Amino acid sequence: MTGVRVRFAPSPTGYLHVGGARTALFNWLFARHHGGTFILRIEDTDRTRSTEEAIDQIVASLRWLGLDWDEFYRQTERLSLHQRYAEELLRRGAAYEADGAIWFRMPKEGVTVVHDLIAGKVEFQNREFKDLVILRSDGTPTYNFACVVDDTEMGITHVIRGDEHLPNTPKQLHMYWALGLTPPKFAHIPLILGPDRTKLSKRHGAVSVLEYRRKGILPEAMVNFLARLGWSHGDQEIFSREELIRYFDLDGVGQSPSVFDEQKLLWLNREWMRRLPVDELAELLKEFLVLEGVASSEEIEALPKTTLYRAVELFRDRSRTLVELAHTARMLFPGELAVPAEAQELLQPELAGPFVAIAQALERAGDPSPMGLETTIREVLAQLNLPLKAVALPMRVVVSGSRVGPGLFEVLALVGPKLAAERLHRAAEKLKEMKG
RNA sequence: GGCCCCGUCGUCUAGCGGCCAAGGAUUUCGGGUUCUCAACCCGAAGACAGGGGUUCAAAUCCCCUCGGGGCCA
């Protein structure tokens, strides 16, 4: 255990967005890497805009990402502290009362130097500063002051936060000095931008962490992606949580802002879908089957575990999100499958006969394995004097509802000969109607 | 408007004075791949914002310009 103590300090005025999530992640990784303490501090002094729902959302988001905290605080529970520090500043002559508020005296000449762990040495001209309110007339502290008091009280050693707070830093430094305190070290991380290179916000589309969970992104992928946004470790792209903890440090953090690229997130997500243990992915798939309205809980329970696992193995390479995975799994459940428009042309009337023949063979099939079904079907095709190619794609469309997917016999085995035969019969009937 | 930050392929980035006629990843486009797709393999395209310095040598250091962003008004 080293002395490192860091905190993530969101205001509960809305959902946790990806920028905040990355700040939280960097703090968490820094703490875990150095064997330090990660603190979650809810900055809820703005009572009109803070809500309990927002706190729940933030907590749920951090839990989903697997960022656990060692200590938890709410700023509103600490108001007396802020008042005590304000009085101390008053007594030291560093603050004064005016208009019912308490003001902090900022220097008006010279320069203030911030030694930032990421930005380097940053100088501010003191003549730019004005005195600032630290305690409003209603007794509530303002942001910069509350921050200094809480960070002091919590023994924060490193303040890792977004770049937008860099201009606040000289103000906070002067408060530390006026209080006779040694300030923590500061590390300002560059912002995450939208595709238009402005600060990422709601108008860029999905920005809430929980929205990505809903879209079928895995937490492993989100953490990996967020970590690589502004931080790097040589040429490595895929990082497990353990690797991130091992390798993460502030010297790997860049100085320039980065654009949130959903394409890369999706790529990483598929990479993680391939890496996750099958049973874990299967559990998640069940959840999304229900969420997406693909199947009911009863239907899912009725499915043999081996089928579900096999489906996960076969489909996960072909899906970028859990949502896609769930929709692909549609074929496993009873019921009709819509034929996609781009596959309509494949279904020609003359296929009706072969479909019936194959369906009948499937009903009698003794060996339901992919290889067994292949033997069965090749026999039928030989009798009909048809090459596999003539029926493969149309069959796939009828049985799976898509012209793309795993090998035909894998699909048949997965769907099962009985359900596959049903679908073929129904398709054959429709084709006969077309003919007539 | 003032102050501050940033500027390598479309995007994420490696690079921290010579190993760079700039590497990886993603994206896009070709090719290979017993029915398709995916995966995989091979290949193509694609960047040091511009200009001055410093140096034997600069993507790397300094200055200016331009561009982008953030904060405060």
Side-chain angles (χ1 to χ4, degrees), chain A residues 19 22 106 111-114 116 118-130 132 142-144 161-172 186 188-201 221 224-239 251-271 273-275 313-320 324-325 328 340 342-343 346 370 374 377-378 381 386-412:
Chain A
R22 191 193 54 164
M106 285 294 287
V111 295
T112 303
V113 181
V114 174
D116 191 273
I118 292 166
K121 185 174 156 193
V122 184
E123 294 187 356
F124 294 86
Q125 297 298 320
N126 290 345
R127 70 180 125 77
E128 302 293 333
F129 296 132
K130 285 182 271 189
L132 30 106
T142 54
Y143 171 75
N144 282 305
R161 65 200 346 176
D163 229 357
E164 72 266 29
H165 286 111
L166 189 53
N168 284 324
T169 310
K171 301 173 192 173
Q172 297 184 3
F186 291 94
H188 288 92
I189 57 184
L191 299 177
I192 297 180
L193 273 27
D196 62 353
R197 305 204 77 93
T198 62
K199 194 173 166 183
L200 195 68
S201 72
N224 192 157
F225 177 71
L226 253 19
R228 280 290 286 103
L229 222 45
W231 173 83
S232 62
H233 181 72
D235 283 340
Q236 191 172 340
E237 296 286 351
I238 313 274
F239 293 89
D251 56 13
V253 179
Q255 290 170 286
S256 51
S258 33
V259 173
F260 188 94
D261 179 18
E262 214 167 281
Q263 288 290 336
K264 193 152 184 180
L265 208 210
L266 289 171
W267 168 73
L268 265 173
N269 202 54
R270 214 215 54 229
E271 290 296 319
M273 296 232 291
R274 299 173 65 191
R275 275 156 230 260
E313 282 171 353
L314 289 172
F315 296 157
R316 64 166 157 192
D317 265 358
R318 299 170 170 81
S319 320
R320 297 201 299 179
E324 279 182 31
L325 187 63
T328 308
E342 75 275 11
L346 292 169
E374 176 164 5
I377 285 170
R378 283 194 191 275
L381 290 173
L386 277 174
L388 176 62
K389 202 164 186 145
V391 294
L393 220 46
M395 264 180 78
R396 166 194 299 291
V397 168
V398 167
V399 174
S400 74
S402 169
R403 59 184 297 164
V404 301
L408 176 63
F409 304 108
E410 288 287 359
V411 168
L412 288 172

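Letters A, B, ... mirror the listed sequences (proteins, then strands); counts begin at 1. None of these values were measured; they are calculated from a predicted model.
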Should A/R274 be listed as having a side-chain N or O under 4.0 Å from OP1 or OP2 of B/C40?
-> yes

Here the distance between atom C1' of B/C5 and atom NE2 of A/H188, to the nearest Å, is 11 Å

Watson-Crick or G-U counterpart of B/G7, or none if no pair lies under 3.5 Å = B/C66

Calculate the interatomic distance between A/K171 atom NZ and B/A73 atom P; express it in whole Å.
-> 8 Å

May I have the distance from A/F239 (atom CZ) to B/G24 (atom P), rounded to whole angstrom?
-> 17 Å

Once base and sugar-phosphate atoms are separated, protein heavy atoms under 4.0 Å mark nucleotides 13-19 of chain B, 5' to 3', with B, S and - as SS-----

Determine the Euclidean distance between corresponding P atoms of B/G53 and B/G17; express it in Å to zero decimal places.
-> 23 Å

Do you know which two heavy atoms are closest between A/Y143 and A/R161, and how far apart they sit?
-> OH-NH2, 3.8 Å

Looking at CD1 of A/I377 and CG of A/L386, how far apart are the two atoms once the value is rounded to the nearest 0.5 Å?
-> 12.5 Å

Round to the nearest Å and state the distance from A/D261 atom CG to B/U28 atom P.
-> 11 Å

Roughly how far apart, to the nearest Å, are B/G50 and B/C66 at atom P?
-> 16 Å

Between B/G52 and B/A58, how far apart are the P atoms? Round to whole Å, please.
-> 13 Å

B/U34 and B/U26: how far apart are their P atoms, nearest whole angstrom?
-> 23 Å

A/L265 CG to B/U27 P, straight-line distance once rounded to whole Å = 12 Å

What interatomic distance, in whole Å, is found between C1' of B/A47 and the corresponding atom of B/U27?
-> 15 Å

For A/D116 and B/G70, give me the distance from atom CG to atom P, rounded to whole Å.
-> 19 Å

Between B/G7 (C1') and A/Q255 (CD): distance, integer Å | 11 Å

Inter-residue atom distance A/N126.CG - A/T112.OG1, 0.5 Å rounding | 3.5 Å

Measure the CH2-CG distance between A/W267 and A/D261 for me, rounded to the nearest 0.5 Å.
-> 11.5 Å

Any chance you could lay out the side-chain contact (heavy atoms from CB on, under 4.5 Å) test for A/N224 and A/E271, step after step, and finish with the verdict?
-> CA-CA 11 Å; A/N224 192 157; A/E271 290 296 319; over 6 Å; no

When you check every protein heavy atom under 4.0 Å of nucleotides 33-38 of chain B, what one-letter string (B, S, -) results, 5' to 3'?
-> --BBBB

Indicate yes or no: at least one non-hydrogen side-chain atom of A/R320 is less than 4.5 angstrom from one of A/Q263.
-> yes

Taking only side-chain nitrogens and oxygens of A/Q263, does any of them come within less than 4.0 Å of OP1 or OP2 of B/U27?
-> no

What closest approach, in Å, do A/I118 and A/D116 show between heavy atoms, and which atom pair accounts for it?
-> N-OD1, 2.8 Å

Watson-Crick or G-U counterpart of B/C29, or none if no pair lies under 3.5 Å | B/G43

Inter-nucleotide C1' distance (B/U55, B/C63), Å rounded = 16 Å

Spatial distance of atom CG (A/L166) from atom NE2 (A/H188) [nearest 0.5 Å] = 5.0 Å

Just call it for A/E123: base, sugar-phosphate, or nothing, with non-hydrogen atoms closer than 4.0 Å on any strand.
-> sugar-phosphate

For the student: nearest non-hydrogen atoms of A/R228 and A/K264, plus distance | NH2-NZ, 4.4 Å

Any strand is fair game: report the nucleotide pairing with B/C72 by Watson-Crick or G-U wobble, both distances under 3.5 Å, or none.
-> B/G1

Rounded to whole angstrom units, what separation is found between the CG atom of A/L191 and the P atom of B/C4?
-> 17 Å

Please work out if A/K199 contacts a base, only the sugar-phosphate, or nothing of the nucleic acid, heavy-atom cut-off 4.0 Å.
-> sugar-phosphate

In this structure, CG of A/L229 is separated from CZ of A/R22 (nearest 0.5 Å) by 5.5 Å

Sequence neighbours excluded, every pair satisfying side-chain hydrogen bond (donor to acceptor under 3.5 Å, both in side chains) that has a member inside residues 394-407 of chain A = none

Integer angstrom distance from the C1' of B/C56 to that of B/U65 | 29 Å

Hunt down the Watson-Crick or G-U wobble partner of B/C48, both distances under 3.5 Å, from any strand shown, or write none.
-> none

Please state the P separation for the pair B/G18 and B/A57 - nearest whole angstrom.
-> 14 Å

For B/C61, the nucleotide meeting Watson-Crick or G-U wobble distances (both under 3.5 Å) is B/G53

